[in-house]
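Here the structure is laid out as structure tokens; the discussion comes afterwards.
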Amino acid sequence: MTNVNRIKVVVLGSPRVGKSAVTVRYLTKRYIGEYSSTSDLLYRHNVTFDSVTTEVEILDTSKCAKNGCLYEHLRWGEAFVIVYSVVDKHSFHEAQEVLGQLVKLKLPSYYTCLLLGNKRDLDHSRQICVDEGQELSLQYGCQFYEVSAAENFAGVSLAFQSLLREARSVQLLKALPIRRKLGVNSVSKVLGNIFGKNTKGDRKKRPSLSI
Ligand SMILES: Nc1nc2c(ncn2[C@@H]2O[C@H](COP(=O)(O)OP(=O)(O)OP(=O)(O)O)[C@@H](O)[C@H]2O)c(=O)[nH]1
């Protein structure tokens with residue numbers, strides 16, 4: 001059963017893309033250059049949106065995802081941050097693979113997902129342009145931000161908050177009493193509020209930003 005007071009977030013991506021850096025930046029505002037952890041780390045903190053406080057669990061995954069834990073991570077999570085490095089083409093392709101697995105495992109139920117291009121401060125060595133990230137996110141219907149955990153707290157914070165807001169809306173929707181019948185228009189309104197479609201069917205752009 002959905003717990004509307006808790007959101008479980010999983011941070012995934014290739015080795016060394018900055019999963020720990022973005023997670024710790026979001027939670028503490030600090031950038032720590034090197035992390036020595038070789039196992040998954042679970043963080044807990046509270047967020048308040050519209051006067052409602054929700055507990056957030058963030059699982060910063062380690063290399064274990066390579067050794068068959070990906071399935072468990074995807075099953076455990078309700079919201080996903082899939083990180084790649086803009087200076088590492090391979091990590092972008094791996095992000096694409098993870099998105100594919102996520103869709104296979106989670107659809108048709110709702111889930112929330114953020115594609116996060118990290119290390120944008122290394123622009124001179126870029127291998128993945130903004131448009132490629134944007135395109136991939138549109139393909140999989142997820143949010144997209146480019147950030148630099150090293151240089152900027154604001155972008156990382158905005159990206160996580162945007163994900164958490166959407167995750168909370170999805171949870172509220174899931175928690176609607178099954179017996180309460182909604183008309184087609186009501187359902188379309190609820191979904192529109194969450195996924196950015198207005199009732200006339202025009203699609204609003206998903207949040208997408210480079211900071
Ligand atoms: N230039 C730059 N370096 C970064 C940035 N974010 C992380 N790094 C560096 O990238 C390296 C890997 O960062 P981590 O946060 O440990 O990456 P990770 O994905 O958690 O690594 P694993 O858990 O080992 O897979 C470290 O040397 C960080 O200092 C960034 O935004 N810009």
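Counting starts at 1 for both ligands and their atoms, in listed order.
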So between S125, S14, G18, A150, whose heavy atom ends up nearest atom 13 (O) of ligand 1?
G18
Is any N or O atom of S20, backbone or side chain, closer than 3.5 Å to an N or O atom of ligand 1?
yes
Quick one: which ligand 1 atoms are inside 4.0 Å of a heavy atom on L122?
1 (N)
Report yes if some N/O of P15 lies less than 3.5 Å from some N/O of ligand 1; otherwise report no.
no
Is the number of heavy atoms from other residues, nucleotides or ligands within 6.0 Å of CD (Q161) greater than 12?
yes
Do the charged groups of D88 and R126 touch, with an N to O distance under 4.0 Å?
no
Apply side-chain contact (heavy atoms from CB on, under 4.5 Å) to the pair L136 and L115, showing each step before the final yes or no.
CA-CA 8 Å; L136 184 62; L115 178 66; 3.9 Å; yes
Partners passing ring-ring contact (aromatic ring centres under 6.0 Å, His included) against F92 (at least two apart in sequence or in another chain):
Y84
Kindly confirm or rule out an N or O of T61 lying under 3.5 angstrom from an N or O of ligand 1.
no
What do we get for V147 next to ligand 1 when only non-hydrogen atoms under 4.0 Å count, side chain, backbone, both or neither?
neither
Contact summary for E57 and W76, nearest pair of heavy atoms:
OE1-CZ2, 3.3 Å
Which atoms from ligand 1 have a heavy atom of D121 less than 4.0 Å away?
1 (N), 2 (C), 30 (C), 31 (O), 32 (N)
Enumerate the atoms of ligand 1 whose separation from the nearest heavy atom of K19 is less than 4.0 angstrom.
15 (O), 17 (O), 18 (P), 19 (O), 20 (O), 22 (P), 25 (O)
Closest heavy-atom approach to atom 28 (C) of ligand 1 among S148, S85, G33 is made by G33
State the atoms of ligand 1, each with its element, that fall below the 4.0 Å cut-off from a heavy-atom position in A21.
6 (N), 7 (C), 15 (O)
For the ring pair Y26 and H45, is the centre-to-centre distance below 6.0 Å?
yes
Between K8 and E55, does any NZ, NE, NH1 or NH2 come within less than 4.0 Å of an OD or OE carboxylate oxygen?
no
